[in-house]
Amino acid sequence: MQVIQSGNAIVLKGAEEFEPKNIFENGQCFRWTKEEDGSYTVVAMKRVINVKKDGDEVIIDNCSIDDFNDMWHRYFDFDRDYFSLRKELSLVDDHLLAATEFAQGLRILRQDVFEMVISFIISANNQIPRIKKAVDFLSELCGEPIGVYRGKMRYAFPSVEAVANISDENLAAIKIGFRAPYIVKSARMILDGEVDLKSLDKLEYEEACKELVKLVGVGPKVADCILLFGNGRDIAFPVDTWVIKFMNEYYLEESDKNMNRIKKRGIEIFGEKAGFAQQYLFYYARSR
DNA sequence: ACACAGGGTCAGC
DNA sequence: GCTGACCCTGTG
């Protein structure tokens, strides 16, 4: 892949397996907006960029080559060979074959752990458009302003301190209902060192799950999302309503609604890369 | 109008 | 382990 500077943008030539729609609209990330020209404006890591695909080129606006190499290359998981990954998964069965064909260009973003913790606490029993609104508004209310882009001030995702010390007024304003005390308590637990997000890397997968579930509003499903999207755990297999549906329909001998058993079975069937199988199948199932 | 559900979790058996 | 309640709001 070639990275070329072009004004305030960079152009990725020969970027394989990169489809903005399949990357951003699969529910892993909440901090993007689709522009009228079909491009995606994204806030992450105290930066704002705009991503657009044009034929076999990817154009990233408001981005330098240094920023790309230092941050966005990792964020977009460019070290991974998604073609081989899809090919490998497609061998499992016809469902994964169809899903990996359908969602070609999907990537699992390497996002900030704390942002994933708060975002996915908010996601519980909620709808994706509302989750997006809440996360955006939370950032606007107590995130650092990082500059104007396309006529709008953009705000970074708030720090642990900011969420832990959010005012009751602001908390009420984001309208996340029963989840409101969860995000504050969890942020405080992280601030106090009761749960250490920085040492997650040192733990085995199961231990990392146990650590995250200590947080309030974090159950097994949210813990898996945090680990898959914010901690690079390919094996994490988040079981939500959609996964329960397709697992029962295609992969289980008899109908089951127990999330723990379904998760165990999912990892048995899909193996080390269960998280990717989940993402392809989830996106495929939800799009129909 | 009003019931229903949405990338689940928690408390109470 | 299993069940029901849960804040909020768009949908039919």
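Just so we're on the same page: letters track the sequence lines, and every chain starts at 1.
Rounded to a whole Å, the CD1 atom of A:I128 is 18 Å from the P atom of C:dT9. Regarding A:I226, its CD1 atom lies at a distance of 12 Å from the C1' atom of B:dG8, rounded to whole Å. In this structure, the CG atom of A:L228 is 17 Å from the P atom of B:dG7, given to the nearest Å. One can place CG of A:D256 at 12 Å from P of C:dG1, the figure rounded to the nearest angstrom. For the pair A:F178 CZ and C:dG4 P, the interatomic distance rounds to 17 Å; values are reported in whole Å. The distance between atom NZ of A:K245 and atom P of B:dG8, rounded to the nearest whole Å, is 10 Å. Atom CD1 of A:I131 is separated from atom C1' of B:dA5 by 13 Å (rounded to the nearest Å). Rounded to whole Å, the distance from CZ on A:F30 to P on B:dG7 is 9 Å.
Neither OP1 nor OP2 of C:dC2 sits under 4.0 Å from any side-chain N or O of A:K257. Proximity of A:T241 to the phosphate of B:dG8: a side-chain N or O atom is located under 4.0 Å from OP1 or OP2. Taking side-chain N and O atoms only, A:N126 has no distance below 4.0 Å to OP1 or OP2 of B:dG7.
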**Asked** How far apart are the C-alpha atoms of A:F76 and A:Y82, what are their side-chain angles, what is the distance that settles it, and do they pass the ring-ring contact (aromatic ring centres under 6.0 Å, His included) test?
**Response** CA-CA 11 Å; A:F76 285 113; A:Y82 276 80; over 10 Å; no
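If A:P129 and A:V218 are placed on DNA chain B by their nearest nucleotide, the residue sitting closer to the 5' end is A:P129.
Ring geometry, A:H73 versus A:F78: the interplanar angle falls from 30° to 60°, so the pair is classed tilted.
For A:N258, the side-chain atoms get nearest to C:dC2 when compared with the rest of B:dT9, C:dC2, C:dT9. Ranking C:dC2, B:dT9, B:dC10 by closeness to the A:V216 side chain, first place goes to B:dC10. Listed nucleotides C:dC8, B:dC10, C:dG1 differ in distance to A:Y182; the shortest reach to its side chain belongs to B:dC10. Side-chain atoms of A:A124 lie closest to B:dG8 of the nucleotides B:dG7, C:dC2, B:dG8. Comparing B:dT9, C:dT9, C:dC6 by their nearest atom to the side chain of A:R130 picks out C:dT9. Among the nucleotides B:dG6, B:dT9, C:dC2, the one closest to any side-chain atom of A:N125 is B:dG6.
In this structure, A:D224 reaches neither bases nor backbone, as no heavy-atom distance under 4.0 Å exists between it and the strands shown. Note on A:V239: nothing from the nucleic acid sits closer than 4.0 angstrom, heavy atoms only. In this structure, A:R286 reaches neither bases nor backbone, as no heavy-atom distance under 4.0 Å exists between it and the strands shown. A:K175 comes within 4.0 angstrom of sugar-phosphate atoms only, judged by non-hydrogen atoms across all strands, and of no base. At the heavy-atom level, A:I122 lies nowhere under 4.0 Å from the strands shown. When heavy atoms are screened at a 4.0 angstrom cut-off, A:P220 is found touching the sugar-phosphate backbone but no base atom. Residue contacts shown for A:G27 include a base, since a base heavy atom lies under 4.0 Å away.
A:E268 has its side chain within reach of A:R265: a pair of non-hydrogen atoms, C-beta onward, lies under 4.5 Å apart.
An aromatic stack links A:F282 and the base of B:dG7, using centre distance under 5.5 Å and interplanar angle under 30°.
Just one residue in the list A:D61, A:T41, A:N62, A:D37 forms a side chain to side chain donor-acceptor pair (under 3.5 Å) with A:N50, and that residue is A:T41. A side-chain contact (heavy atoms from CB on, under 4.5 Å) with A:L281 is found for one member of A:W242, A:F102, A:F270, A:Y250 and no other, namely A:F270.
Across C:dG12 and B:dG7, the matching P atoms stand 14 Å from one another, rounded to whole Å. Comparing B:dA5 with C:dA5, their P atoms sit 14 Å apart, to the nearest whole Å. For the C1' atom pair drawn from B:dC4 and C:dC6, the interatomic distance equals 15 Å after rounding to whole Å. With P as the reference atom, B:dG12 and C:dC7 are 15 Å apart, rounded to whole Å.
Searching all strands for a Watson-Crick or G-U wobble partner of B:dG7 with both distances below 3.5 Å returns nothing.
Cation-pi contact between A:R286 and A:Y284: absent, since separation from the ring centre below 6.0 Å together with deviation from the ring axis within 45° is not met.
There is a side-chain donor-acceptor pair under 3.5 Å between A:Y205 and A:D224.
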